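Just follow the structure's listing: the first ligand is 1, and inside any ligand the first atom is 1. Below, all heavy atoms of this structure are taken into account, side chains as well, without hydrogens, waters or symmetry copies. Since the structure is predicted, the reported quantities are computational estimates derived from the model, not experimental observations.
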Amino acid sequence: MKFVFLGPPGAGKGTVAAKASGFFHAPHISTGDVFRNAIAAGSPLGLKAKDVIEKGLLVDDETTVSLVRERLEADDVKDSYILDGFPRTLPQAEALDGFAKTEWTIYFDVPDSVVIARLSGRLICRRCGCIWHKTYNPPTKEGVCDKCGGELYERGDDKPDAIRERLAAYNELTVPLIEYYRKKGLLAVIDTNRDVSLILEDMKKRCCP
Ligand code: AMP
């Protein structure tokens with residue numbers, strides 16, 4: 001199954017995608033992770049994306065589309081994948097339609113107030129990528145991942161100014177994609193305010209009847 005995960009930052013797309021990837025045997029492709037890895041590696045892509053990402057803005061469509069197009073040429077994603085965080089603009093969605101056939105778009109409907117609360121205080125494990133939260137899901141020992149003992153950090157773009165910019169970009173540029181996919185009959189609205197296992201069951205019922 002070829003999925004697009006659509007929704008605001010902090011909606012839980014990454015957490016659900018990580019689990020859904022095993023459940024549906026679909027590689028998880030997060031454009032945000034690709035950019036963060038490129039920044040960590042100091043590659044030309046990373047150098048290009050660093051400032052934009054730290055400000056909470058979007059990387060340009062041409063760069064983003066070409067990296068997704070290239071990734072989708074690999075053998076492991078011939079039949080299935082989960083695109084998490086792509087497309088984020090209408091030109092990206094139209095470009096994707098030109099080289100891949102999206103089967104389902106899962107829309108994570110989460111209000112701005114919840115997004116702000118979730119992103120402020122979000123903690124990520126440097127080693128395993130597991131996501132924690134200072135208030136809602138705190139690790140047992142401050143700064144240490146319960147799962148693997150790795151060091152926890154706060155993303156640079158989870159700071160108040162960048163969160164505001166990211167939400168503004170989402171509302172202006174990404175929200176129109178809800179209608180885009182609804183009109184194509186590909187939109188599945190899932191109640192994502194529940195345990196991940198229930199979300200996966202819902203996705204299965206809805207998308208693989
Ligand atoms: P994410 O981890 O999905 O929240 O992405 C982190 C940041 O990477 C975003 O705030 C953007 O700056 C950049 N980014 C990720 N995906 C895209 C995309 N599809 N188009 C443009 N920028 C993106």
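At under 3.5 Å, not a single nitrogen or oxygen of Ser30, backbone or side chain, sits near a nitrogen or oxygen of ligand 1. Residue-to-ligand polar distances keep Pro9 apart from ligand 1: every N/O pair is separated by 3.5 Å or more. An N or O contact shorter than 3.5 Å links Thr31 to ligand 1 by distance. Among the atoms of Val52, none of the N or O lies under 3.5 angstrom from an N or O of ligand 1.
Under the 4.0 Å criterion applied to side-chain N and carboxylate O atoms, Asp76 and Arg71 are assigned as salt-bridge partners. Between Glu103 and Lys2 there is no salt bridge, since none of the side-chain N atoms of the basic residue sits less than 4.0 Å from a carboxylate O of the acidic one. Residues Glu142 and Lys134 are not paired through a salt bridge, judged by the lack of any N-O separation under 4.0 Å between the basic side chain and the carboxylate. Salt bridge present: Arg36 and Asp33 bring a charged side-chain N and a carboxylate O closer than 4.0 Å.
Shown in contact with Arg155 at under 4.0 Å from a heavy atom are these atoms of ligand 1, numbered in order with element: 1 (P), 2 (O), 4 (O), 6 (C). Atoms of ligand 1 found under 4.0 Å from any heavy atom of Thr64 (numbered from 1 in listed order, with element): 18 (C), 19 (N), 20 (N), 21 (C). With ligand atoms numbered from 1 in the order given, ligand 1 contributes 18 (C), 19 (N), 20 (N), 21 (C) to contacts under 4.0 Å with heavy atoms of Gln92.
Hydrophobic clustering (side-chain heavy atoms under 4.5 Å, transitive across Ile, Leu, Val, Met, Phe, Trp, Tyr) keeps Val144 apart from Leu152. Under the 4.5 Å side-chain contact rule for hydrophobic residues, Leu83 and Met1 do not share a cluster.
In terms of protein heavy atoms, atom 8 (O) of ligand 1 is closest to Ile53 CD1, 3.6 Å. Considering only non-hydrogen protein atoms, atom 15 (C) of ligand 1 sits nearest to Arg88 NH1, 3.2 Å. Summary of contacts: the protein heavy atom closest to atom 11 (C) of ligand 1 is Leu57 O, 3.5 Å. Looking only at heavy atoms of the protein, atom 13 (C) of ligand 1 is closest to Phe35 CD1, 3.8 Å. Distance from atom 19 (N) of ligand 1 to its nearest protein heavy atom, with residue and atom name: Gly85 O, 2.9 Å.
Heavy atoms of Asp61 found under 4.0 angstrom from ligand 1: none, in either backbone or side chain. Neither the backbone nor the side chain of Lys13 comes within contact range of ligand 1; no heavy atom lies under 4.0 Å.
With hydrogens and angles ignored, the 3.5 Å screen pairs a side-chain donor or acceptor of Ser66 with a backbone N or O of Thr63. Asn137 places no side-chain N or O within donor-acceptor distance of the main-chain N or O of His133, the cut-off being under 3.5 Å.
Every residue two or more places apart in sequence or in another chain that forms a ring pair (Phe, Tyr, Trp, His ring centres under 6.0 Å) with Phe108 is listed here: Phe5.
Judged by a 6.0 Å distance limit and a 45° cone about the ring axis, Lys184 is positioned over the six-membered ring of Tyr180.
For atom 22 (N) of ligand 1, the nearest non-hydrogen atom from the set Ile39, Asp84, Val59, Leu96 belongs to Val59.
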